[in-house]
**Student:** 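Can you read through this structure? Questions will come right after.
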Amino acid sequence: MRPHLALIEDDPDFALMCRTYLEREGFSVSWAMDARAGKAVMHDGGIDLVVLDLGLPDGSGLELLRALRSTSRLPVIVVSGRGDETDRVAGLEIGADDYLVKPFSQRELVARIGAVLRRCRPPELPTVLDVGTLRVDTAARQASGPGVLLNLRPKEYALLEALARSPGRVFSAEQLLELIWGASWQQPATVIEHVYRLRGKLSRLPAPAPRITTVRGYGYRLDL
């Protein structure tokens, strides 16, 4: 999918130039010409990065950035004709990810956007997890050992994947309920039952087979 940018800029000619170039470079762009419209665009969902001008007709871009940072870590590149150190420091301290002084080339803007998106992108999780003879294929949502495909129910698989991502780490029943069931209010007996069934299925793997260890008073971990 194309990265979706919010361009908050009150100069229509400059905004049109930026939008045309960015769309040609493979971005999707939503344009807002003042702070009020900018708030609506940013909170509408689906925005990957904000390009924010500081000089807006109905308010300060810094105030808009401050309000955004109180609720979100959405990446923001500030663009401004104010290039003195005080303004740059203020923007960065409030939470801008980069600061670009006008005039600048469209090519530089694209490069800055790409750099910020790369920095803010969450690290890719491995698609295959190997713990001893256990192999968890997160793309296929299957777990197996040499010559053995484990027949897991969806929640059993989710439990095993969570443990296999951090072997040796202790997870409390409450953490596992939140991770897998999305509700820590469920009874810990739910986890106990799934751990019991999963242990039985893991016992079918040849050595060195991982096992689920109960850490009394704390929770569960996956060990070799």
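The chain is numbered in sequence order, starting from 1. The model shown is predicted, which means the values in this text are computed figures rather than measured ones.
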**Student:** E63: which residues meet the salt bridge (charged side-chain N to carboxylate O under 4.0 Å, His left out) condition with it, sequence neighbours left out?
**Tutor:** R66
**Student:** Measuring only between side-chain heavy atoms, which start at C-beta, is V51 closer than 4.5 Å to W31?
**Tutor:** no
**Student:** List, by chain and number, the other hydrophobic cluster members for Y196, where Ile, Leu, Val, Met, Phe, Trp and Tyr join if side-chain heavy atoms come within less than 4.5 Å, directly or indirectly.
**Tutor:**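 Under the 4.5 Å side-chain rule, Y196 groups with nothing.
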**Student:** How would you list all residue pairs meeting ring-ring contact (aromatic ring centres under 6.0 Å, His included) that involve residues 205-224, not counting sequence neighbours?
**Tutor:**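 Residue pairs passing ring-ring contact (aromatic ring centres under 6.0 Å, His included), neighbours aside: none found.
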**Student:** Does any non-hydrogen side-chain atom of E25 lie less than 4.5 Å from one of Y21?
**Tutor:** yes
**Student:** So which pairs with a foot in residues 46-57 pass salt bridge (charged side-chain N to carboxylate O under 4.0 Å, His left out), sequence neighbours left out?
**Tutor:**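 Found D53-K102.
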**Student:** Going by the rule salt bridge (charged side-chain N to carboxylate O under 4.0 Å, His left out), which residues pair with R204 if we only count those two or more places apart in sequence or in a different chain?
**Tutor:** none
**Student:** One thing to verify: whether D58 and R36 come together as a salt bridge, which I'm taking to mean a side-chain N less than 4.0 angstrom from a carboxylate O.
**Tutor:**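 Salt bridge: no.
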**Student:** For residues 132-150, which residue pairs qualify under salt bridge (charged side-chain N to carboxylate O under 4.0 Å, His left out), counting only residues two or more places apart or in two chains?
**Tutor:** D130-R135
**Student:** Quick one: CG on L176 to CG on L163, what's the gap to the nearest 0.5 Å?
**Tutor:**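 One finds 6.0 Å between CG of L176 and CG of L163.
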**Student:** Look up atom NZ in K201 and atom CG in L149, then write down how far apart they are to the nearest 0.5 Å.
**Tutor:** 11.0 Å
**Student:** Can you tell me how far apart CG (D97) and CZ (R119) are? Round to the nearest 0.5 Å.
**Tutor:** 6.5 Å
